[in-house]
Amino acid sequence: MSRPCLAAALLALLGCGTPERVTLPAVHQAHDPAVRGQVEILERQIRALEDGNASDAELGAAIGELGRLYHGVQLLDSHAFTALEAAEACYVVAQRLDPTDHRWPYLLGFAAETRGDHEAAAASYHAALAIEPELVPAIQRLAQAEVERGRPDEASALWNRALELRPGFPPALYGLGSLALEGGDAETAADYLERAIAAEPGAGRGHYSLAMARRRLGDEDRAARHFAQASHTDFPFDDPLIGELAYLPAGSAALVQQGLIAVQAGEFTAAAAVFARAIEADPTNLEARKHLALAHVDAGQLEQAETAYEELLALDPDQASAHFELAQLQANRGQATEAITHLTRAIGLAPDYKQAHYQLALLLDRAGRPAEALEGYDRVLALDPDYAEAGTRRAAALAASGRPAEALEILTARVVRAPSDAAAVQALSVVLRQQNRLQEARTALERSLRSAEFAAADETRLRTELGGILAIEGRLRDAARELRTAQQLDPTEPQTSFVLGMVLLDLRRPEEAARAFAAALSVRPDLTLARLRLAAILAQTDRCDEAITLLDDGRRYATNDPVFAQASQQLRAACTEQ
């Protein structure tokens with residue numbers, strides 16, 4: 001071979017040698033070691049693919065995965081702008097290496113949308129749809145971008161295309177309704193928006209737009225109903241490519257953010273499982289422990305929540321809010337002493353913790369310690385003079401402390417100022433009743449029920465109080481009428497059913513009384529007096545087996561109650577004699 005030919009061959013060989021390596025983004029340095037480890041693993045995989053002469057599609061997919069990880073980091077931390085920049089850099093390279101994969105232009109478009117660059121977003125969504133024309137999420141996002149670019153006709157065409165591919169697609173119906181509303185066609189807008197809300201009743205943004213359409217059509221009643229349901233909640237839609245991103249980053253901090261996403265979606269049990277994984281990854285993550293306890297509460301898993309708070313406080317005893325939340329759980333389970341201890345600790349850590357002062361005062365009040373409760377209410381009112389409920393409770397505590405005149409003065413003034421304050425009206429009646437001023441108490445209740453509007457639960461309590469007073473006055477039929485009305489308003493109020501049962505017993509209607517006591521027990525199985533009364537009725541009507549079973553079931557609620565033990569023994573003896 002001649003020298004010129006050899007030189008040419010060498011040049012050709014050099015030209016086909018090791019290809020230039022892709023430049024990997026270095027603009028974002030992850031704070032979490034777990035995420036840093038993920039980035040390093042993906043970068044090593046990319047270099048291994050390059051060294052192994054992998055295809056462009058394989059290399060593009062690997063670089064795209066690195067971009068998805070960076071994108072997930074940004075979704076979990078909206079301030080991680082460099083992570084979004086790194087994701088976009090990866091998507092650009094991935095799209096260049098494999099122009100047939102719709103994921104990279106689509107995600108690049110979403111990144112541009114996040115930055116508010118609707119021109120770039122539209123261009124990328126168009127590129128994704130050129131590859132995958134039936135990608136409904138891309139059609140939806142492109143339509144939104146076109147609206148932002150001031151191109152309603154293009155947006156309308158896209159939303160109609162989305163409805164062809166996915167009939168009844170709520171975001172498209174909402175989009176078309178919004179465009180019609182902006183164009184002055186309220187009737188068409190209302191039609192689209194009604195259909196959208198029928199599919200997604202929780203979309204408060206749709207309710208607002210529909211309310212505006214109804215108002216323009218002169219239908220103020222329907223407009224008012226939809227205004228009442230308006231919020232910033234948008235129409236959700238299934239978008240797996242975006243939805244997966246936030247679940248890619250590893251590590252305790254990322255898991256906490258992923259758990260919060262589940263909380264926002266109302267998936268509290270799933271959220272608790274994610275927070276538990278965050279704690280496994282980092283047992284010292286106090287934020288994860290706090291959110292785990294809250295998720296258990298929201299999921300109704302109260303024993304697990306109590307355990308979670310105890311474990312949190314074992315690590316950090318100075319968490320005032322954790323002491324408060326644990327106290328709430330303990331109070332609801334009848335553990336007043338333990339609850340008082342934690343509330344006292346919360347106040348010691350945060351002296352201006354208004355709700356802790358208030359809850360402590362309530363517990364002291366219920367424990368028959370009105371003088372201490374008064375101090376708590378005074379502290380609450382010093383922190384918030386307009387806290388009406390604390391003022392009402394303080395007045396009741398004054399009466400319990402032997403100062404009824406002061407209590408009546410405060411409550412009477414409150415009812416005059418706020419006739420619809422059900423708590424104040426009820427407290428006024430209770431104090432008057434305790435002073436044996438039954439007619440005044442009844443008059444105050446009847447006047448309020450005639451002149452003010454109350455929520456169903458509040459009206460139930462007022463009518464229950466009124467029924468009790470009528471019963472004391474010997475007006476049993478009137479009492480039963482008021483109590484039945486109250487029970488219909490709120491069947492879940494056990495006190496109403498119990499008092500109704502007592503009145504029906506006095507009216508010699510044992511079967512109806514039994515149903516009332518059973519209703520009370522269905523809500524409050526620990527209501528010992530209702531259980532004893534029902535058992536007595538059962539025993540008197542030759543249903544001793546049921547009565548004894550009822551008493552046996554009630555033992556766990558009255559372990560140390562001598563009254564229950566004695567009455568239970570007497571009923572058993574009576575049944576044995578039959």
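Index from 1, following the sequence.
- The two atoms that bring Ala339 and Ala331 nearest to each other are CB-N, 3.9 Å, heavy atoms only.
- Both cation-pi conditions hold for Arg166 and Phe169: the charged atom is under 6.0 angstrom from the six-membered ring centre and inside a 45 degree cone around its axis.
- Ring planes of Phe227 and Tyr208: perpendicular class, angle over 60° (limits at 30 and 60°).
- Judged purely by atom type and a 3.5 angstrom limit, Arg524 has no side-chain atom pairing as donor or acceptor with the backbone of Ala530.
- Remark: the His296 side chain and the Gln301 side chain contain an N/O donor-acceptor pair separated by less than 3.5 Å.
- By the 4.5 Å heavy-atom criterion applied to side chains, Phe564 and Arg531 are counted as neighbours.
- A salt bridge between Arg333 and Glu306 is present, with a side-chain N of the basic residue lying under 4.0 Å from a carboxylate O of the acidic one.
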Evaluation steps, side-chain hydrogen bond (donor to acceptor under 3.5 Å, both in side chains), between Thr496 and Thr460: CA-CA 8 Å; Thr496 303; Thr460 295; 5.8 Å; no
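- The aromatic ring centres of Tyr387 and Tyr377 sit 6.0 Å or more apart.
- Shown here for Ala480 and Leu507, the closest heavy-atom pair between the two residues is CB-CD1, 4.1 Å.
- Closest approach of Ala373 to Asp365, counting heavy atoms only: CB-N, 3.7 Å.
- Residues Arg195 and Glu200 are not paired through a salt bridge, judged by the lack of any N-O separation under 4.0 Å between the basic side chain and the carboxylate.
- The two atoms that bring Phe235 and Ala196 nearest to each other are CE2-O, 3.5 Å, heavy atoms only.
- The nearest pair of heavy atoms linking Ala424 to Arg414 is CB-CG, 3.5 Å.
- Salt bridge status for Glu465 with Arg461: absent, with no side-chain N to carboxylate O gap under 4.0 Å.
- Under the 4.5 Å side-chain criterion, counting only non-hydrogen atoms from C-beta, Leu466 is in contact with Leu449.
- A salt bridge links Glu194 to Arg214: one of the charged nitrogens lies within less than 4.0 Å of a carboxylate oxygen.
- Minimum heavy-atom separation, Pro370 to Ser401: CB-OG, 3.3 Å.
- Summarising the local packing, CD of Gln355 is surrounded by more than 12 heavy atoms from other residues, nucleotides or ligands at distances under 6.0 Å.
- The existence of a salt bridge linking Asp384 and Arg379 is excluded, since no basic side-chain nitrogen approaches an acidic carboxylate oxygen closer than 4.0 Å.
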What verdict does the side-chain hydrogen bond (donor to acceptor under 3.5 Å, both in side chains) test give for Tyr358 and Glu389, after you've listed the backbone C-alpha separation in whole Å, the side-chain angles of each residue and the deciding distance to 0.1 Å? CA-CA 10 Å; Tyr358 182 65; Glu389 190 175 347; 2.9 Å; yes
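- Taking the six-membered ring where the residue is Trp, the centroids of Tyr353 and Phe324 are separated by under 6.0 Å.
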